[in-house]
Amino acid sequence: DTAVSQTPKYLVTQMGNDKSIKCEQNLGHDTMYWYKQDSKKFLKIMFSYNNKELIINETVPNRFSPKSPDKAHLNLHINSLELGDSAVYFCASSQEGGQGREQFFGPGTRLTVL
Amino acid sequence: RKEVEQDPGPFNVPEGATVAFNCTYSNSASQSFFWYRQDCRKEPKLLMSVYSSGNEDGRFTAQLNRASQYISLLIRDSKLSDSATYLCVVQKAAGNKLTFGGGTRVLVKP
């Protein structure tokens, strides 16, 4: 009965590879997000989707491409992985956009690029 | 200057003591404020929202000072289980984007 789930939990890969991380939420929320938490622990938003539409796209290399097949899923595909992509990636969801909405986070995907 | 700044700590707190720490934000148009808690190698979870008049949730008290653009968190009667990183989070008026501080690490020791 996990609210926000991500797969895989750990991902170790070589530079230059392409990988995907999947996220699903069963909370019935309309908005989903991808965050990156780097080694210094800063959590930064990358993308936000509301009802499958992209609403936030921070300055992220275009090697990162989110895809939302439906409002319960938001996947992240990364092309040509670089060393600097190593981080923990968190998916989150919240009720329809507005002020003061709690965001629920998935358990994170720890990506290591060698 | 970072949008949301926090003292990274760690704050070493004896069990049962009180600890307080602040967070400053740079955007005066910020509308909503939160404290999230993140345990080691876990995801962030909402601890409490911060309201203009200040609010309390059990042993936790949050305050907002809009004039000086900071929020604070006070933990009374600290428990070992309070050991975590506390993330200050600010939300702007437009959209749902949350901006996180780097976190303040609290270690409660017996």
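Chain A is the first sequence line, chain B the second, and so forth, proteins listed ahead of strands; every chain is numbered from 1.
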### Query
Does any heavy atom of chain A fall under 4.5 Å from the side chain of Lys45(B), the backbone, both, or neither of them?
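Contact with chain A: none, neither part.
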### Task
Select one option (side chain, backbone, both, neither) describing which atoms of Tyr36(B) are under 4.5 Å from chain A's heavy atoms.
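Contact with chain A: side chain only.
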### Query
Under a 4.5 Å side-chain heavy-atom rule over Ile, Leu, Val, Met, Phe, Trp and Tyr, are Ile45(A) and Leu111(A) clustered together?
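Each belongs to a different hydrophobic cluster.
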### Query
Are Asp85(A) and Arg63(A) within salt-bridge range, i.e. N to O under 4.0 Å?
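A salt bridge is present here (some side-chain N lies under 4.0 Å from a carboxylate O).
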### Message
Taking Arg37(B) first and then Glu43(B), would you say they form a salt bridge - that is, a charged N and a carboxylate O separated by under 4.0 Å?
### Response
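Glu43(B) and Arg37(B): not salt-bridged.
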### Among Lys42(B), Arg41(B), Lys2(B), residue most engaged with chain A (heavy-atom pairs, under 4.5 Å)
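Of Lys42(B), Arg41(B), Lys2(B), Arg41(B) has the most heavy-atom pairs under 4.5 Å with chain A.
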### Task
Return the option, out of Gly102(B), Pro44(B), Gly103(B), with the maximum number of heavy-atom pairs under 4.5 Å with chain A.
Pro44(B)
### Message
Whether the side chain of Gln6(A) engages the backbone of Gly108(A) through a donor-acceptor N/O pair (distance < 3.5 Å, no angle test) should be reported.
### Response
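Yes: the side chain of Gln6(A) pairs with the backbone of Gly108(A).
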